[in-house]
There are 2 protein chains.
Amino acid sequence: MTKEKHLYSRHSKFLVALDCIIFGFDTHELKLLCIKRDFEPEKGKWSLMGGFLREGEAIDQAADRVLRELTGLEDIYLEQLQAYGETGRDSAGRVISIAYYALINSVKFDKSISDTYSASWFSMHQLPDLIFDHHAMVDKALRRLRRRCKTQPVGFELLPEKFTLPQLQTLYEKIFDTGFDKRNFRRKILEPGVLVKLDEKDMEGSRKGAFLYKFDKQRYDELTNEGFNFQI
Amino acid sequence: MTKEKHLYSRHSKFLVALDCIIFGFDTHELKLLCIKRDFEPEKGKWSLMGGFLREGEAIDQAADRVLRELTGLEDIYLEQLQAYGETGRDSAGRVISIAYYALINSVKFDKSISDTYSASWFSMHQLPDLIFDHHAMVDKALRRLRRRCKTQPVGFELLPEKFTLPQLQTLYEKIFDTGFDKRNFRRKILEPGVLVKLDEKDMEGSRKGAFLYKFDKQRYDELTNEGFNFQI
DNA sequence: TCAAAAGTGTTGTTGATACACCCATGA
DNA sequence: TCATGGGTGTATCAACAACACTTTTGA
């Protein structure tokens, strides 16, 4: 008999699931990665990527595993939103679900893996119907993402390592679903000095070309230790 | 055989606990309600009030029940923080814990009930050692409380229905662990017009006496519908 | 009459917003 | 040469912070 059984055995146990709200950005749109469920219940309907917690696995690890199973990606920004535990939330039985949101650079991710799950990207403005309480999770994730983007340099997670300021501005505009003044945006984002301008231009987006920048994580950490707070 | 067993039976089940971070305010201090555990493991140590999720119970309901068991209070402000699920977090076995924080007016609560749990209030500056990851939960709860207080009128939950502006200011100062300018504070808090001044004074705190105010929830809801956002 | 807390407006500073033109390039 | 998106500085306005004296009352 295990210690656990001895002490807590009179209490009920529950299935614990992880659901991932996966955001991506492809130069013009903020997108959400959804999968077509290939198992019951709700087989064939659109859903967030999810999975069940396993013995001996921390919940953060489990979310990471679920994300990796779908995208093939490691070292992804992943943050817990909250637990969802209404009794009727899963039509097939009692499941406590812990929602996480992830930010991925959609260029990187492994299309072949996601094909096996019938995954596809949807614009945040044209989401499909999602099962259970997944819409509520997505709403909450978007609000959280906006809050994080205001005070932490997480937007960069959605872009390639090298990016242009117009790209970055477009990203922020899509996340906040609004427009920003170009000069004010550049001033604010450059002012703390955590973006380093490279001697390279991206010539894709325009004739003139736009300088590439890189996020200087080391510099950011230094400043943060000195009490600096990122703000956009 | 239930539908649940049929569909999800190959997955593991887990104990799910609820832990409540209970904040109170007693005119001079922001306080935390802790209990001395009367069961193993960690019997005799200080802990947050907690309990296990039951079959057929939504997690929010369960948190509410746990809170009521300790305080005897209904209709308490209660908000989920997040789930904690490290594998070794509970020394007696694998338990997923969902943390909630509550705001109660510490005058109201039923001392006799809490005595049966050996509960007591601790100043946020002199917290006892707490078991497991409860300190991390408290830290997170305090940060969340500060954020909520900045943009939602939740501070009033910690005060009696009628309160004075000096009391309210002290509350905010204790929550944010800082001092505010009296005139600026009064201007900001009164400006939106969601506090109604009563024709009564509280004579406890001073010779002169301070006017009592009441939070006008109906007015607040009206303004909120018109797009108003509370800000302090 | 005095000690102790309540109550009240104005000014300076700082951060946010609005705004228009020149530049570099490929077609 | 022209169409397209990239890059730059200043002036105005609003929000925030700093600040000191009068009032009321009970002891």
Side-chain angles (χ1 to χ4, degrees), chain A residues 25-29 146-147 149-151 159-160 162-174 176-214 223 227-232, chain B residues 25-29 146 149-151 159-160 162-174 176-193 195-214 223 227-232:
Chain A
F25 181 68
D26 69 350
T27 75
H28 285 291
E29 287 268 33
R146 286 177 179 168
R147 186 152 53 81
C149 283
K150 275 189 186 150
T151 56
L159 292 174
K162 298 174 182 181
F163 51 86
T164 68
L165 294 188
Q167 280 167 12
L168 187 61
Q169 180 169 352
T170 305
L171 170 62
Y172 273 83
E173 289 177 342
K174 296 306 171 179
F176 290 96
D177 198 21
T178 183
F180 296 113
D181 179 272
K182 191 169 34 159
R183 281 171 288 192
N184 294 338
F185 179 81
R186 296 173 76 100
R187 182 169 351 102
K188 276 177 89 168
I189 202 86
L190 291 176
E191 189 258 330
V194 297
L195 295 188
V196 295
K197 187 176 184 172
L198 305 177
D199 278 335
E200 265 178 280
K201 279 190 166 185
D202 168 79
M203 302 305 288
E204 299 296 306
S206 69
R207 304 266 156 78
K208 183 178 179 180
F211 279 102
L212 288 163
Y213 286 77
K214 222 167 56 176
L223 288 169
F228 161 77
N229 280 307
F230 184 87
Q231 272 282 27
I232 195 70
Chain B
F25 180 68
D26 69 349
T27 74
H28 287 290
E29 287 270 32
R146 285 178 178 168
C149 283
K150 276 189 186 151
T151 55
L159 292 173
K162 298 174 182 180
F163 52 86
T164 68
L165 294 187
Q167 279 167 11
L168 187 61
Q169 180 170 351
T170 304
L171 170 62
Y172 273 83
E173 289 177 341
K174 296 305 170 180
F176 289 98
D177 198 23
T178 184
F180 296 113
D181 179 272
K182 192 170 30 161
R183 282 169 288 191
N184 293 338
F185 180 82
R186 295 172 77 99
R187 183 170 348 104
K188 275 177 89 168
I189 203 85
L190 292 176
E191 189 258 329
L195 295 188
V196 295
K197 187 176 184 172
L198 305 177
D199 279 334
E200 263 177 280
K201 278 189 166 186
D202 167 80
M203 303 304 288
E204 300 295 306
S206 69
R207 305 264 155 80
K208 184 178 179 181
F211 279 102
L212 288 163
Y213 286 76
K214 222 168 53 175
L223 287 170
F228 161 77
N229 280 307
F230 184 86
Q231 273 281 26
I232 195 71

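What you are looking at is a predicted structure, and each value in this text was computed from that prediction instead of being measured. All chains are named by letter (A, B, ...) in the order of the sequence lines, taking the proteins before the strands, and each is independently numbered beginning at 1.
Distance from the side chain of Asn184(B) is smallest to dC19(D) among dC19(C), dC19(D), dG7(D). Proximity note for Ser206(A) (side chain, C-beta onward) versus dT8(D), dG5(D), dG7(D): the nearest is dG5(D).
Judged by atom type and distance alone, Lys208(B) reaches the base of dA6(C) through a side-chain donor-acceptor pair under 3.5 Å. Remark: the Lys182(B) side chain and the dG7(C) base include a donor-acceptor N/O pair separated by less than 3.5 Å. Taking only distance into account, the side chain of Arg187(B) never meets the base of dA15(D) through a donor-acceptor pair shorter than 3.5 Å.
Less than 6.0 angstrom separates the ring centroid of Tyr172(A) from the ring centroid of Phe185(A).
Between Asp181(A) and Met203(A), the residue anchored nearer the 5' end of DNA chain C, judged by the nucleotide with its closest heavy atom, is Asp181(A).
For Arg186(B) and dT8(C), the shortest distance from a side-chain N or O to OP1 or OP2 is below 4.0 Å. Checking the phosphate oxygens (OP1, OP2) of dA27(D), no side-chain nitrogen or oxygen of Arg207(B) falls inside 4.0 Å.
Closest approach of Arg207(B) and Met203(B) over heavy atoms only: O-CE, 3.2 Å. In this structure, Gln167(A) and Phe25(A) approach most closely via the heavy-atom pair O-CE2, 4.3 Å. Pairing each heavy atom of Lys201(A) with each of Lys208(A), the nearest pair is NZ-O, 3.4 Å.
Between the CD atom of Gln231(B) and the P atom of dA15(D) there is a distance of 11 Å, given to the nearest Å. Here dA18(D) presents its C1' atom at 14 Å from NZ of Lys188(B), a figure rounded to the nearest Å. The CG atom of Leu168(B) sits 12 Å away from the P atom of dG7(C) (whole-angstrom rounding). Atom CZ of Phe185(B) and atom P of dT8(C) are 14 Å apart (whole Å). To the nearest angstrom, C1' of dG26(D) lies 13 Å from NZ of Lys201(B). Rounding to whole angstrom units, CG of residue Leu195(B) and P of dG7(C) are separated by 13 Å. Note: CG (Leu165(B)) to P (dA5(C)) measures 17 Å, nearest angstrom. For the pair Phe211(A) CZ and dA24(C) C1', the computed distance is 10 Å after rounding to whole Å.
For the side chain to side chain contact (heavy atoms under 4.5 Å, CB included) test with Tyr213(A), the passing option among Asp202(A), Leu159(A), Leu195(A) is Leu195(A); the others fail.
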